[in-house]
*Asks:* 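Here it is, the structure, as structure tokens.
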Number of protein chains: 2
Amino acid sequence: MEIMVNELDERKVVILKAIIKNYLETGEPVGSRTISKLSGLNLSSATIRNEMSDLVEMGYIVQPHTSAGRVPTDKGYRFYVDSIIQENDRRMSEATSLMVQRVDKLEMLLKQMVRFLASDTNYAALISGPSTSTTKMKYLQLSVPAPGQILMILVLEGNVIKNEVLEAIEEIDYDTAMQVTVMLNNHLSGLSLREITPKIITDIMVQAGKQQGNVKLVLDAVTELLEHGETNRDIFTSGAKNIFRYPELSDVDKAADLISAFEEKDRLNELVNEVTSLTVADGAGASGSGIQVYIGGEGPVKNLRDCSLITAHYELGDGMKGVIGVIGPKRMDYEKVMQTLQNMKDQLDNARFTADDN
Amino acid sequence: MEIMVNELDERKVVILKAIIKNYLETGEPVGSRTISKLSGLNLSSATIRNEMSDLVEMGYIVQPHTSAGRVPTDKGYRFYVDSIIQENDRRMSEATSLMVQRVDKLEMLLKQMVRFLASDTNYAALISGPSTSTTKMKYLQLSVPAPGQILMILVLEGNVIKNEVLEAIEEIDYDTAMQVTVMLNNHLSGLSLREITPKIITDIMVQAGKQQGNVKLVLDAVTELLEHGETNRDIFTSGAKNIFRYPELSDVDKAADLISAFEEKDRLNELVNEVTSLTVADGAGASGSGIQVYIGGEGPVKNLRDCSLITAHYELGDGMKGVIGVIGPKRMDYEKVMQTLQNMKDQLDNARFTADDN
DNA sequence: GTTAGCACTCAACTCATTTGATTGCTAACG
DNA sequence: CGTTAGCAATCAAATGAGTTGAGTGCTAAC
């Protein structure tokens, strides 16, 4: 990226930014005369035209048709976003602490966040629940709701609760279930799925005694539950209807596509997973800020034509990592969304749960 | 309703049905010539015109403007739907058993159902989880995940699991929690919220001894959880994007409205509650079939302009009652949807859970 | 390197016209 | 008296010619 800095002289940069900024506001192709008036450069429209024609050649902007103004290309957007990121890194984020600090139920917090995000930005917003494979297990409880059945309850950090009813392998009575519960907690409490070593497993199995079958069943279920939760996180969304605010997305096909992505959470899950797997250092111009911007067909949003995606990773502490993001038209207010998202990220990173205060 | 039967002579009935049927297919106003050809009555368009003009006077159809064809009014739809219901009652439903009979997890079943319903009908579909106040409690388990905290797990019929972490009133240790658990199960297991009498409560409180505060806490939480679940059921949806198939709904305002109703489940919950509270005998022409049809502004859908709602109540046994429904344009294929819904209802009414088979 | 000037382009708008589906009415028919 | 053919009247929607206006590219002069 550094090599490219010199491709554009200062004046071209000013003009390009002015074009994109204006386009973000109006959604209409931008003409030379507009820029001549708004850029602050005191140049005539003719001169601007010459520069614009250069910018077209370099691929930063295009003309929808001969006698129309110019519209940014993906390359243009990319440039714009990258330059915003650089500026923001300089003047650090002054996170205004505007939201609740202590929340009992994680789910509440996330719903609250995503709703705020959508209504603040007027785009569609989503937030994923925390990664289940890196979150620590607080407590595991087995129980016998009916003969031959084992009820397994798994409490994770942040009081996220997972549970499942299993069909027992060996006969198991209430007291035995309690003994096994204590034994399992001794080994597993405080660990995340990733921290369970083979040694721990063997230790557990040795102590399982006659209940080996059931213990294996439970361990498998725990693993399955957490692994499955990894590719199948809870996802909360808000503001899907904001799609209709933007004419370029409200054409029937695209809108239907977006809406169904928001309804069936599967595709959002894929998206979150892809975003997670791309390292922070990666293409999306994250730098130190931890905000990623995917424009147009880039990366995870290649199926969402004419959309851009802005995401942030949050970490609530104790390995509870998740993703929060905004989906909008390519012509979105990148600057504002990035700021809001940075704010949210800071909020979440500093959130503490009342239940943890003991 | 019986009085009205004679308002329309046989020929008018045939013509009216033909008009509505054609309108359902095409979505375009229907002209006299079309009916003259399609009705099978061998009448000229002029005669049809005379009859149509009568039907307009009687309020079954209207003209969007002079020189346009005719379009059914809500009264027209109502007539059409009622006559379908009568015919169907006669030739009983021959429920083709096309779906799974045994499903472990209720949530899976419901998701499966709603997805099928949406893709089969091409409308938007929704299904509510079972009523929590009439579902029986199978098993209640208390536990102490951390000092000063009580983890309450409530297993309902169908292995629906609810849970909550409470802040303890009195000190409570693991063994005490177990004792209380056994005591509570003795009293509550097998009952639904509605079946808990004051006597049961007093009996429990007497036996609570030193743990009175915590027991009260737990009982309140159970009540709160189940009552809250009543107005706040799980709702699964599918096929929201089908809205775009129908031009009359895909105008921006209406679509945005519908979409946000489907995203934020609150309004669907209200809808389900309203549907539930209207008795089966009520206005929506249910008769014996247990299918309700709400046309246009009728009842629960008064906010969803130009939409109709068709619902069925299901009962999985042991008080697990819920609602399944389809939302589409007024011009929807009532006949088909009602049949599909009847089928689903039958499936659900007969579904049995493997976990119950012991 | 910058600018004024001008011919040219083309989507978008306007407005009159045409088209075609459909009605209501009337007079004739059986 | 119900039915029908015929016809003028209506009106949304499609068509198309003409106008507008934003914007460009090019050239010649500053």
Side-chain angles (χ1 to χ4, degrees), chain A residues 8-16 18-23 25-73 76 247-248 250-251 331, chain B residues 8-16 18-23 25-73 76 247-248 250-251 331:
Chain A
L8 297 175
D9 62 40
E10 194 146 340
R11 197 168 73 179
K12 281 196 175 59
V13 170
V14 173
I15 292 173
L16 178 54
I19 293 171
I20 296 179
K21 194 164 182 182
N22 191 265
Y23 182 69
E25 282 166 20
T26 65
E28 297 291 309
V30 187
S32 52
R33 191 127 182 288
T34 315
I35 298 305
S36 145
K37 278 186 285 183
L38 294 183
S39 70
L41 282 176
N42 263 349
L43 293 175
S44 78
S45 64
T47 313
I48 302 290
R49 277 206 286 284
N50 291 333
E51 295 287 35
M52 280 168 114
S53 142
D54 289 353
L55 286 170
V56 168
E57 215 168 274
M58 294 188 230
Y60 289 96
I61 50 181
V62 284
Q63 272 181 294
H65 54 86
T66 333
S67 74
R70 308 304 214 282
V71 161
T73 59
E248 61 264 53
S250 56
D251 115 76
R331 160 179 92 80
Chain B
L8 296 175
D9 62 38
E10 194 146 341
R11 197 168 72 177
K12 281 198 175 58
V13 170
V14 174
I15 291 173
L16 179 54
I19 292 170
I20 297 179
K21 193 163 182 183
N22 189 264
Y23 182 69
E25 281 166 21
T26 63
E28 297 291 310
V30 187
S32 52
R33 194 133 178 287
T34 316
I35 297 305
S36 147
K37 276 185 286 184
L38 293 184
S39 70
L41 282 176
N42 263 348
L43 292 175
S44 78
S45 64
T47 313
I48 302 289
R49 275 204 287 285
N50 292 333
E51 296 286 35
M52 280 168 114
S53 138
D54 290 351
L55 287 170
V56 168
E57 217 168 273
M58 294 189 233
Y60 289 96
I61 50 181
V62 284
Q63 272 181 292
H65 58 249
T66 343
S67 98
R70 306 305 213 284
V71 161
T73 60
E248 61 264 53
S250 57
D251 114 75
R331 160 179 91 80

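Naming convention: chains lettered A, B, ... in sequence-line order (proteins, then strands); numbering from 1 in each chain. All values reported here derive from a predicted model rather than from experimental measurement.
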*Asks:* Picking from D/dT24, D/dT4, C/dA4, which would you name as closest to the side chain of A/Arg70?
*Replies:*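 Within the option list, the nearest is D/dT24.
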
*Asks:* Measure the distance from NE2 on A/His65 to P on C/dT9 and round it to the nearest whole Å.
*Replies:*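 Interatomic distance, NE2 of A/His65 to P of C/dT9: 15 Å.
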
*Asks:* Has the side chain of B/Gln63 got a donor or acceptor atom that lies under 3.5 Å from a matching backbone atom of B/Thr66?
*Replies:*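 Here the side-chain-to-backbone pair does not exist.
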
*Asks:* Between C/dG24, D/dG25, D/dA5, which one does the side chain of A/Gln63 approach most closely?
*Replies:*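 Output: D/dG25.
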
*Asks:* Can you tell me which nucleotide in D/dG23, C/dG24, C/dT23 comes closest to the side chain of B/Ser53?
*Replies:*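 The closest nucleotide is C/dG24.
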
*Asks:* Rounded to the Å, how far apart are B/Asn50 CG and C/dG24 C1'?
*Replies:*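 Result: 9 Å.
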
*Asks:* Given atom CG of B/Leu43 and atom C1' of D/dA5, what is their separation to the nearest angstrom?
*Replies:*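 Going from CG in B/Leu43 over to C1' in D/dA5 covers 14 Å.
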
*Asks:* Tell me whether the OP1 or OP2 atom of C/dG24 has a side-chain N or O from B/Thr66 closer than 4.0 Å.
*Replies:*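 For C/dG24, neither OP1 nor OP2 has a side-chain N or O of B/Thr66 closer than 4.0 Å.
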
*Asks:* Report the distance from atom CG of B/Leu55 to atom P of C/dG24, rounded to the nearest whole Å.
*Replies:*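 Atom-to-atom, B/Leu55 to C/dG24, this comes out as 12 Å.
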
*Asks:* Could you give the CE-to-P distance, from B/Met52 to D/dT3, as a whole number of Å?
*Replies:*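 Answer to the nearest Å: 16 Å.
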
*Asks:* For the residue pair B/Arg70 and B/Ser53, establish whether any side-chain heavy-atom pair is separated by less than 4.5 Å.
*Replies:*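 Yes, side chains in contact.
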
*Asks:* Where the side chain of B/Ser44 is defined as all heavy atoms beyond and including C-beta, which of C/dT23, D/dA5, C/dT2 is the nearest nucleotide?
*Replies:*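 Looking only at heavy atoms from C-beta outward on B/Ser44, the closest nucleotide is D/dA5.
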
*Asks:* Which nucleotide, D/dT24, C/dC10, C/dC25, lies nearest any side-chain atom of B/Arg49?
*Replies:*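 Output: C/dC25.
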
*Asks:* Please determine, for D/dC30, whether a Watson-Crick or G-U wobble partner exists with both distances under 3.5 Å, and give it or none.
*Replies:*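 The base-pairing partner of D/dC30, which may sit in any strand shown, is C/dG1.
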
*Asks:* Nearest 0.5 Å, what's the CG-CG distance between B/Leu8 and B/Asp54?
*Replies:*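 B/Leu8 atom CG to B/Asp54 atom CG measures 10.0 Å (nearest 0.5 Å).
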
*Asks:* Whole angstrom is fine here: how far is it from CG in B/Asp54 over to C1' in D/dT3?
*Replies:*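 So the two atoms are 14 Å apart, to the nearest Å.
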
*Asks:* Calculate, to the nearest 0.5 Å, the distance between atoms CG and OG belonging to A/Asn22 and A/Ser39 respectively.
*Replies:*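 So the gap between those two atoms works out to 11.0 Å.
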
*Asks:* Taking only the side-chain heavy atoms of A/Ser67 (C-beta and beyond), determine which of D/dG25, D/dT3, C/dC10 contains the nearest atom.
*Replies:*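 The listed nucleotide nearest to A/Ser67's side chain is C/dC10.
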
*Asks:* Taking CD from B/Glu51 and C1' from C/dT22, how many angstroms apart are they, rounded to a whole number?
*Replies:*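 The distance from CD of B/Glu51 to C1' of C/dT22 comes to 18 Å, rounded to the nearest Å.
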
*Asks:* Rounded to the nearest 0.5 Å, what separation is found between the CD1 atom of A/Ile19 and the CG atom of A/Leu38?
*Replies:*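 If I round to the nearest 0.5 Å, the distance is 11.0 Å.
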
*Asks:* Taking atom P of C/dG5 as reference, at what distance in whole Å does atom CZ of A/Arg33 sit?
*Replies:*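 Computing the A/Arg33:CZ to C/dG5:P distance gives 13 Å.
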
